[in-house]
Amino acid sequence: MKNFDRLEALGQTHLLRFFPELHDAQKQKLIDQINSVDLSLLDELKAEKHAESAGELAPLGALEAPEIEQRKEEFESAGIRALQEKKIAAVLLGGGQGTRLGYAGPKGSYDIGVNRPFYIFEAQFQTMLKNCRKAGTFFHVFLMTSDKNDVETRAFLKKHAFFGYPEEMVHFFVQDMAPSCDFEGKLLLEDKDSLSLSPNGNGGWYRSLIRAGYGEMIQKEGIEWFNVFAVDNVLQQICDPVFIGATLLSGANCGAKVVRKNAPGEKVGALCLKGGKPDVVEYYEMGEELAAEKDETGQLKYRFGVILNYLFNAKKMNEIMNDKMPIHMAKKKIPHIDENGNFVKPEKENGIKFEYLATDTVRGMETCLPFEVVREKEFAPIKNPTGIDSVESARALLQQNGVEL
Ligand code: UTP
C-alpha cells in the first residue's frame with residue numbers, strides 16, 4: 001500500500017493540513033512526494049542504538065607511508081596496468097549541500113582562487129587528468145548530484161568544458177532524498193505542497209548509480225573497482241595508481257586512504273576492527289578516553305583516520321547493495337512551515353535529518369587495506385569558510401604544494 005493511504009496509521013495526517021487550499025497540480029506533487037519517500041526511516045527513531053554495529057573495537061594497522069614509498073614502483077605499475085585495462089572508474093560524491101561552507105551553489109563550483117579563479121571541481125578534474133596522462137588513457141567518472149544541485153552542476157561543468165576532461169567520460173546520476181522530521185517523528189513541510197527533503201547522505205551512491213541505469217555499462221566496460229571520493233578535498237589523488245596497485249595486490253575488497261590523526265580528538269572517523277571486521281568509527285562514537293589510548297610504542301592506538309577516498313570492489317558492491325545500511329540521524333536546524341503555514345527559519349536545532357554514509361560500506365567489504373598518505377600532501381578538505389578544514393587552510397596547503405592561486 002502506498003504511503004499516502006497509510007498516513008493515518010503512520011501518524012502523519014498533519015501533512016494534509018493545507019490540502020484543501022491546494023490546486024490539483026500541487027496536490028499531486030505532495031501525494032507523489034509522500035509516496036516516494038522511505039518512511040521506514042521513522043521506525044529507526046524508536047530504536048535506541050540505531051547506527052552502531054556490534055562488536056569489540058580493536059586497532060587496525062595500515063600500510064604505512066615509508067613502506068609505500070619503498071614499494072612505489074611495484075604498486076604504481078600494477079595500478080597503471082589496471083587503469084589501462086579500464087578496470088577502474090571514479091565516483092565523485094557531489095550531492096552534499098555544503099551547509100557549513102554557507103555557499104548556495106554546488107560545492108565544486110566554489111572559487112578558492114586568490115589572484116585567478118580556481119574552482120574546487122577544477123582541482124579534482126586536473127588531478128584526474130594528471131593520472132590519466134600517467135596511464136595514457138581516460139577513465140570513466142560517475143558524478144553524483146542531488147535534486148538540489150543537479151542542474152547547476154551540469155551547467156557549471158559544461159560552461160567550463162569539464163576543465164579539459166572528455167565530456168563523454170563523465171556520467172551524472174542523482175541521489176535519493178530523505179524526509180526530515182521534528183523530535184516527535186512528525187515529518188516537516190517545506191511548503192504547503194512539499195515535504196522538507198534533503199539528500200540522504202553519500203552512502204546510497206551505489207544504489208543510486210545502479211538505479212540510474214549504469215549497471216549494464218559498468219559490466220560491458222569491465223569496470224571492477226570504484227574510486228569513491230568527496231568533492232571537497234582539493235589535495236587528494238584520484239585514481240592514484242600507487243593506491244590502486246597496493247589495494248589490488250593486497251587481495252582486499254577495498255582500500256581506504258588514511259592519515260595519521262593529528263590529535264586524539266580530530267574530527268575524522270577512525271579505521272579499526274569492530275567484531276573482527278574493518279569498520280569506521282566516527283569521532284563522536286569513539287569517546288575521548290578510547291580515542292586517547294596509546295599502545296606500547298607510545299602512539300595512539302586508533303591513529304589512522306579516513307579521508308573519504310576509497311577503492312571499492314564492484315563485485316562485492318553488487319553483493320551487498322541490498323543489505324540494510326545503518327542510518328545516521330543528525331539534529332539540525334531545519335527550515336519549515338508551521339501549523340499556520342508561516343515559514344520558520346529556526347535558530348536552534350528543531351529536527352532530524354537522516355543520512356547513509358559511504359564509510360559504512362567498509363564493513364560490508366569485509367577486508368580492507370588502510371593506505372597511509374601524508375596529510376600535508378593529500379588532505380585539504382574544505383568544510384568551513386575559515387579556521388579548521390576551511391577555504392583558508394586548504395589555500396595554504398595548496399600553495400605549500402606548489403599550486404599558484
Ligand atoms: P559532508 O558530509 O562534508 O557534507 O560531505 P557536505 O554537504 O559537503 O557539507 P555540510 O555537512 O552540509 O557542511 C562529504 C562528501 O559527501 C558528499 C559531499 O558532496 C562531499 O563530497 N555528499 C554528502 C553527498 O554526495 N551526498 C550527501 O547527501 C551528503
Side-chain angles (χ1 to χ4, degrees), residues 37-38 41 51 90-110 112 119-121 123-125 127-128 141-150 152-153 156-157 171-180 196-209 211-212 226-236 238 256-257 266-269 280 282-284 305-310 312 325 327-335 349 352-362 379-391 393-394:
V37 294
D38 176 9
L41 292 176
V91 179
L92 198 171
L93 303 172
Q97 290 181 288
T99 38
R100 283 169 286 175
L101 188 59
Y103 170 65
K107 214 187 221 184
S109 68
Y110 191 83
I112 53 167
Y119 302 96
I120 293 181
F121 272 137
Q124 311 304 1
F125 278 100
T127 306
M128 290 195 260
V141 180
F142 296 102
L143 202 161
M144 184 163 86
T145 62
S146 82
D147 280 344
K148 303 255 182 200
N149 68 14
D150 184 63
E152 277 176 286
T153 303
F156 177 83
L157 285 170
H171 315 282
F172 293 89
F173 65 106
V174 181
Q175 72 171 94
D176 290 343
M177 303 291 274
S180 327
S196 161
L197 296 173
S198 54
N200 71 342
N202 53 30
W205 67 272
Y206 189 71
R207 260 180 253 179
S208 302
L209 179 70
R211 216 190 9 254
F226 297 104
N227 185 190
V228 176
F229 62 97
V231 68
D232 51 28
N233 175 7
V234 286
L235 262 192
Q236 72 193 319
I238 301 153
K257 286 205 168 182
E266 191 188 3
K267 291 183 175 174
V268 291
V280 177
E282 291 301 332
Y283 58 93
Y284 50 82
V306 288
I307 61 168
L308 224 181
N309 190 313
Y310 296 106
F312 291 126
M325 285 186 90
I327 187 87
H328 297 254
M329 297 175 220
K331 291 183 183 162
K332 300 259 173 166
K333 298 175 201 161
I334 307 169
E349 289 150 356
I352 289 171
K353 284 191 179 181
F354 297 90
E355 289 198 332
Y356 294 103
L357 300 182
T359 46
D360 287 323
T361 314
V362 171
F379 191 42
I382 298 180
K383 302 291 182 192
N384 309 296
T386 55
I388 294 171
D389 296 343
S390 67
V391 179
S393 59

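In listed order, ligands and their atoms are each counted from 1. Computed from a predicted model, the values in this text were never measured in an experiment.
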Quick check: does any side chain N or O of [X] sit under 3.5 Å from a backbone N or O of [Y], one acting as donor and the other as acceptor?
| X | Y | answer |
| --- | --- | --- |
| N309 | A256 | no |
| N384 | T386 | no |
| N149 | G94 | yes |
| N233 | A380 | yes |
| D150 | D147 | no |

What protein heavy atom is closest to [atom], reported as residue, atom name and distance in Å?
| atom | answer |
| --- | --- |
| atom 3 (O) of ligand 1 | K383 NZ, 2.6 Å |
| atom 12 (O) of ligand 1 | T99 OG1, 2.5 Å |
| atom 6 (P) of ligand 1 | G98 N, 3.6 Å |
| atom 4 (O) of ligand 1 | R100 NH2, 4.2 Å |
| atom 20 (C) of ligand 1 | L93 O, 3.7 Å |
| atom 8 (O) of ligand 1 | K107 NZ, 3.1 Å |
| atom 22 (N) of ligand 1 | G96 N, 3.4 Å |
| atom 26 (N) of ligand 1 | Q175 OE1, 2.6 Å |

Nearest heavy-atom pair of S196 and I334: which atoms, and what distance?
OG-CG2, 3.5 Å

Taking the side chain as every heavy atom from C-beta outward, state whether K383 and D232 have any atom pair closer than 4.5 Å.
yes

Can you find an N/O atom of [X] closer than 3.5 Å to an N/O atom of ligand 1?
| X | value |
| --- | --- |
| V231 | yes |
| M144 | no |
| G95 | yes |
| G201 | yes |

For [X], counting its heavy atoms only, list the atoms of ligand 1 lying under 4.0 Å from any of them.
| X | value |
| --- | --- |
| A230 | 15 (C), 21 (O) |
| G94 | 19 (O), 25 (O) |
| Q97 | 7 (O) |

Steps toward side chain to side chain contact (heavy atoms under 4.5 Å, CB included) verdict (F354, D38):
CA-CA 11 Å; F354 297 90; D38 176 9; over 6 Å; no

May I have the step-by-step check of ring-ring contact (aromatic ring centres under 6.0 Å, His included) for Y119 and F121, ending in yes or no?
CA-CA 5 Å; Y119 302 96; F121 272 137; 9.2 Å; no

Nearest-option assignment for atom 15 (C) of ligand 1, heavy atoms, candidates L143, N202, L92:
N202

Does D176 pair with R211 as a salt bridge, N-O distance under 4.0 Å?
yes

